[in-house]
Colleague: 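Got a structure for you, questions after.
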Amino acid sequence: MSRKKKSKLSGFERKLLTLTIALLIFSPFASVCASSLLSKANYDVEVTKEEVSTQEKSNESLQMKINELASLENLQKVAKKVGLSYTSNSVKTISR
């Protein structure tokens, strides 16, 4: 005497229950995955900020070097080394 037990849930209710269980199982994994992606993005942002900071320091150092090399005293030293002389008569001013 084997009797089959008739299910009390309709087809729609079974599908809804299956979907709910699947979502309950999947949502923690999705949350961990999203947190992991966010952490990686934050790490990449910090690395990029550090690279930008390093490059800005390098640019500032190079700009100071340019200013030093373009200074009047340095230009006069270089001119003397190569045998040029400065006279105010040889300077011409152009005005607009």
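All figures in this text were calculated on a predicted structure; none of them were measured in a lab.
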Colleague: What pair of heavy atoms forms the shortest contact from Leu69 to Leu75, and how long is it?
Modeller: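 Closest pair (atom of Leu69, atom of Leu75, distance): O-CD2, 4.3 Å.
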
Colleague: To the nearest 0.5 Å, tell me how far Phe26 CZ sits from Cys33 SG.
Modeller: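 Phe26 CZ to Cys33 SG: 8.0 Å, rounded to 0.5 Å.
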
Colleague: To the nearest 0.5 angstrom, please state how far the CG atom of Leu38 sits from the CG atom of Asn42.
Modeller: 4.5 Å

Colleague: Would a hydrophobic clustering, with Ile, Leu, Val, Met, Phe, Trp and Tyr connected at side-chain separations under 4.5 Å, put Leu84 with Leu72?
Modeller: no

Colleague: Do Ser53 side-chain atoms and Lys49 backbone N/O form a donor-acceptor pair below 3.5 Å?
Modeller: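 Checked: no pair found.
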
Colleague: Are any side-chain N or O atoms of Ser39 and backbone N or O atoms of Ser35, one a donor and one an acceptor, separated by less than 3.5 Å?
Modeller: yes

Colleague: Using a 4.5 Å cut-off on heavy atoms from C-beta on, say whether the side chain of Asp44 contacts that of Lys40.
Modeller: yes

Colleague: Starting from the C-alpha separation in whole Å, work towards a yes-or-no answer on side-chain contact (heavy atoms from CB on, under 4.5 Å) for Gln63 and Asn67.
Modeller: CA-CA 6 Å; Gln63 187 61 46; Asn67 292 339; 3.3 Å; yes

Colleague: Could you pull out the closest heavy-atom pair between Lys8 and Glu13, with the gap in Å?
Modeller: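 Minimum heavy-atom contact is O-OE1, 4.1 Å.
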
Colleague: Ile25 and Leu17: same hydrophobic cluster, using ILVMFWY side-chain contacts below 4.5 Å?
Modeller: yes

Colleague: Please test Arg14 against Ser10 for side-chain contact (heavy atoms from CB on, under 4.5 Å), starting from the C-alpha separation and ending with a verdict.
Modeller: CA-CA 6 Å; Arg14 268 188 250 133; Ser10 69; over 6 Å; no

Colleague: Knowing that exactly one of Thr54, Val47, Thr48 qualifies, which makes a side-chain contact (heavy atoms from CB on, under 4.5 Å) with Glu50?
Modeller: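 Considering Thr54, Val47, Thr48, a side-chain contact (heavy atoms from CB on, under 4.5 Å) with Glu50 is found only for Thr54.
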
Colleague: Strictly by modelled atom types, are Gln55 and Asn59 linked by a side-chain donor-acceptor pair under 3.5 Å?
Modeller: yes

